[in-house]
There are 2 protein chains.
Amino acid sequence: MPTHHQGPEHEILALDAYIKLMRATESVTSRVHETLPTDLTVTQFAVLETLFHLGPLCQGQLATKLLKSTGNLTLVVANLEKVGLIKRERQPHDLRFITISLSPRGRSFIAKLFPKIAARIADEFSVLTSSEKIELCRLAKKLGLRATVK
Amino acid sequence: MPTHHQGPEHEILALDAYIKLMRATESVTSRVHETLPTDLTVTQFAVLETLFHLGPLCQGQLATKLLKSTGNLTLVVANLEKVGLIKRERQPHDLRFITISLSPRGRSFIAKLFPKIAARIADEFSVLTSSEKIELCRLAKKLGLRATVK
DNA sequence: CACCGGTCGTTTGACATCGAACTATCGTCG
DNA sequence: CGACGATAGTTCGATGTCAAACGACCGGTG
């Protein structure tokens with residue numbers, strides 16, 4: 001019964017939750033961003049971090065993982081390549097694909113940086129208890145899945 | 001005691017929560033964006049909506065409310081003025097300030113649009129029960145406040 | 001009245017971001 | 001083998017975004 005009949009109070013509740021959700025995300029992200037080296041953007045970090053934890057990927061996969069457009073990734077990856085943190089290699093067996101991987105410098109760079117960022121995030125979330133974090137995971141997951149369906 | 005000793009499991013929990021939080025926010029926002037007229041951006045909508053619910057404001061206040069830079073607002077507001085949805089007026093008593101207000105067209109535009117967006121958001125959040133929405137508000141608020149403090 | 005620090009908005013340069021048009025490549029089907 | 005549809009990446013144009021430098025204006029102080 002709760003989710004079928006959509007009274008106005010449900011709508012207000014949803015709006016309120018959405019606003020607070022966005023604020024929380026933006027606040028945390030902006031504070032995490034302060035911890036990044038000044039010349040590294042959030043998306044660039046996300047690319048490095050993804051490659052670090054998942055290994056080499058092609059641009060399309062990277063775009064999907066990060067919920068960005070392929071056109072966007074082209075630019076971000078180009079900028080990272082310019083400063084020598086990653087390298088691009090065409091797949092010999094299918095020239096359409098380009099595999100992105102960390103350069104040695106990129107690997108050691110992100111290996112050093114990641115723990116700092118993780119600690120920062122943990123600090124941000126330290127206002128929540130463990131069970132609150134778990135509950136937040138559960139709720140966010142439900143919302144995220146909802147969107148993935150379609 | 002729970003928040004002082006930061007074991008690695010706390011860190012993993014926080015990272016997990018952060019990722020899911022961002023995904024949820026991005027997913028919902030991107031789906032809400034689909035509902036907007038194609039020529040209206042999220043920030044432009046946010047500006048109109050804020051003016052609609054709070055009345056005329058100067059750019060600095062608007063920037064603060066929306067957590068954006070003033071330079072950013074200059075552009076967004078200029079674009080909205082170009083299409084005639086808002087108007088800018090210098091304050092006679094202090095020429096540094098510029099008051100932004102909805103034009104008649106802007107007012108009726110947002111008055112028609114807002115209910116649609118609100119319904120869409122409510123629909124996105126309908127995967128959560130009322131008590132889950134309330135809990136999400138509580139948790140997000142704690143995170144947001146944490147960030148506002150400093 | 002003239003300077004001066006502080007406040008508001010604009011400009012600038014670099015990057016992000018999207019969608020849509022475009023290029024190159026692949027697989028397949030006739 | 002050759003045309004065609006699908007797929008990966010790039011390019012383009014418009015907008016957003018920030019930080020930092022800048023210009024205009026205010027209020028006070030000497």
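Per chain, numbering begins at 1; letters A, B, ... match sequence-line order. Note that this is a predicted model, so its numbers are computed, not measured.
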Start with the C-alpha gap between A:Gln91 and A:Thr99, add the side-chain angles, then the distance that decides, and say whether side-chain hydrogen bond (donor to acceptor under 3.5 Å, both in side chains) holds. CA-CA 7 Å; A:Gln91 299 277 16; A:Thr99 297; 2.6 Å; yes
Under a single-linkage definition using a 4.5 Å side-chain heavy-atom cutoff for Ile, Leu, Val, Met, Phe, Trp and Tyr, are [X] and [Y] assigned to the same hydrophobic cluster?
X	Y	value
B:Leu36	B:Leu80	yes
B:Phe114	B:Val83	yes
A:Leu139	B:Ile19	no

Closest of C:dA16, D:dT10, D:dT15 to the B:Gln44 side chain is D:dT15
Look at [X] and [N] and indicate whether a side-chain polar atom (N or O) is within less than 4.0 Å of OP1 or OP2.
X	N	answer
A:Thr38	D:dA19	no
A:Asn72	C:dA16	no
B:Thr41	D:dT15	no

Expressed as a whole number of angstroms, how long is the span from [X]:[atom1] to [N]:[atom2]?
X	N	atom1	atom2	answer
B:Ile98	C:dT7	CD1	C1'	13 Å
B:His33	C:dC18	NE2	P	10 Å
B:Glu26	C:dT17	CD	C1'	12 Å
B:Leu73	C:dT11	CG	P	14 Å
B:Leu40	D:dT15	CG	C1'	12 Å
B:Asp39	C:dG19	CG	P	14 Å

Within residues 76-97 of chain B, the residues having a heavy atom closer than 4.0 Å to DNA chain C are B:Arg88, B:Arg96, B:Phe97
Mind listing the residues from residues 58-71 of chain A sitting with a heavy atom below 4.0 Å of DNA chain C? Number order is fine. A:Leu67, A:Lys68, A:Ser69
Hey, what do you get for [atom1] ([X]) to [atom2] ([Y]), rounding to the nearest 0.5 Å?
X	Y	atom1	atom2	result
A:Leu66	B:Met22	CG	CE	9.5 Å
B:Ile117	B:Asp123	CD1	CG	12.0 Å
B:Leu73	B:Ile100	CG	CD1	8.0 Å

Do A:Glu34 and A:Arg120 have side-chain heavy atoms sitting under 4.5 Å apart? yes
So, B:His33 versus B:Phe45, ring centres under 6.0 angstrom or not? no
Heavy-atom donor-acceptor pair, B:Arg88 side chain to B:Ile98 backbone, under 3.5 Å: no
Give a yes or no answer on whether the side chain of B:Ser103 reaches the backbone of B:Leu85 with a donor-acceptor pair at less than 3.5 Å. yes
Strand-adjacent residues in residues 45-56 of chain A, judged by heavy atoms under 4.0 Å from DNA chain D: none
Would B:Arg23 and B:Glu26 satisfy salt bridge (charged side-chain N to carboxylate O under 4.0 Å, His left out), going step by step from the backbone distance to the final call? CA-CA 5 Å; B:Arg23 294 243 164 200; B:Glu26 283 167 13; over 6 Å; no
Using a 4.0 Å heavy-atom cut-off across all strands, classify B:Thr74 as base, sugar-phosphate, or nothing. base
Which part of the nucleic acid, if any, lies within contact of A:Leu75, taking any heavy atom under 4.0 Å across all strands shown: a base, the sugar-phosphate backbone alone, or nothing? base
